[in-house]
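For reference, the structure is listed below as structure tokens.
Both ligands and their constituent atoms are indexed starting at 1 by order of listing. Predicted, not measured: the structure shown is a model, and the values here were computed from it. No hydrogens, no waters, no symmetry mates; every other heavy atom, side chains included, goes into these values.
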Amino acid sequence: MVKVIGVIGSPRKNGNTAYLVEKALEAAKESGADVESLYLGNMKMEPCNACDICKLTGECPKDDDVNEILSKLQEAHGIIIGSPVYFGTVTAQLKILMDRSRPLRADFKLKDKVSGAITVGASRNGGQETTCSAIHNFMLIQDAVIVGDGAPLAHYGGAGAAGAAGDAQNDEYGIETSKNLGKRVTELAKKINNIN
Ligand SMILES: Cc1cc2nc3c(=O)[nH]c(=O)nc-3n(C[C@H](O)[C@H](O)[C@H](O)COP(=O)(O)O)c2cc1C
């Protein structure tokens, strides 16, 4: 069975990112995926301190929750990464995960994972696309395959406009693009991995 993981990069457990990532995973499930969400807000994650040990050993010596998250990403066929817009880019929590994923890049363990982004900002044009782009850049550098939300809208992925926690429930466009992303990631992951 195809496996799709959703990463919730917000510190708010029941916030807008969580809501939209869950919508994407619902759609992934309807398309036949086994799904799991990972909420970064309660994980112990120290920033990379550039010791470069991962360049020698392929492993990070830090003993926190990041290695477990990296294992889960490797097991998945599809990866959906969600973040609120913080000053036009991703949260500090998600950036820590990105930097700490460097050991996976040694032999490109995320190669060909089908990946997509969901972002939500309080303003309609508050930086959703620049934040999507930051997530896409991460995926490119990990040699993953990027998709957007596919037809019929086919833009950058899930794009929400919501401020207070829970407001995303009224954001039809954010919900639609997130669901379409979940479907698109699942369908392409099945094709690439030859899974029905
Ligand atoms: C530190 C911080 C920076 C933010 N920067 C932006 C921003 O640049 N553009 C924007 O539209 N919203 C910004 N917001 C608002 C959040 O993106 C918005 O409330 C979002 O819905 C939060 O998602 P969450 O509920 O998943 O945490 C910011 C919020 C915080 C706390």
Looking only at non-hydrogen atoms, which of [options] approaches [atom] most closely?
atom: atom 12 (N) of ligand 1; options: Ala122, Gly166, Pro84; result: Ala122
atom: atom 29 (C) of ligand 1; options: Tyr86, Phe87, Tyr19; result: Tyr86
atom: atom 16 (C) of ligand 1; options: Leu20, Asn14, Asn125, Val85; result: Val85

Need the ligand 1 atom indices (1-based, order shown) with element for anything under 4.0 Å from a heavy-atom of [X].
X: Asn16; value: 21 (O), 24 (P), 25 (O), 26 (O)
X: Gly88; value: 8 (O)
X: Val120; value: 17 (O), 20 (C), 21 (O)
X: Gly15; value: 25 (O), 26 (O)
X: Ala162; value: 18 (C), 19 (O), 20 (C), 21 (O)
X: Gly163; value: 18 (C), 19 (O), 21 (O)

Identify the closest protein heavy atom to [atom]: which residue and atom is it, and at what distance?
atom: atom 26 (O) of ligand 1; answer: Thr17 OG1, 2.7 Å
atom: atom 22 (C) of ligand 1; answer: Arg12 NH2, 3.4 Å
atom: atom 9 (N) of ligand 1; answer: Gly126 O, 2.9 Å
atom: atom 27 (O) of ligand 1; answer: Ser10 OG, 2.6 Å

Considering all heavy atoms, the nearest [X]-[Y] contact:
X: Ala134; Y: Val90; answer: CB-CG1, 4.2 Å
X: Ile118; Y: Ala24; answer: CD1-CB, 3.6 Å
X: Ala33; Y: Thr186; answer: CB-CG2, 3.7 Å

Open item on the list: Taking Lys190 first and then Glu187, would you say they form a salt bridge - that is, a charged N and a carboxylate O separated by under 4.0 Å?
Closed with: no

Task: Arg102 and Asp52 ion-paired at < 4.0 Å - done: yes

Open item on the list: Does atom CG (Asp107) have a neighbourhood of more than 12 heavy atoms from anything else shown, all under 6.0 Å?
Closed with: yes

- [ ] State whether the side chain of Thr17 and the backbone N or O of Gly82 hold a donor-acceptor pair below 3.5 Å, judged by distance alone.
- [x] no

Open item on the list: Among Ile79, Leu104, Asn137, which residue satisfies the side chain to side chain contact (heavy atoms under 4.5 Å, CB included) criterion with Gln142?
Closed with: Leu104

Task: Reference residue Leu20; test side chain to side chain contact (heavy atoms under 4.5 Å, CB included); the match among Thr177, Val120, Thr119 - done: Val120

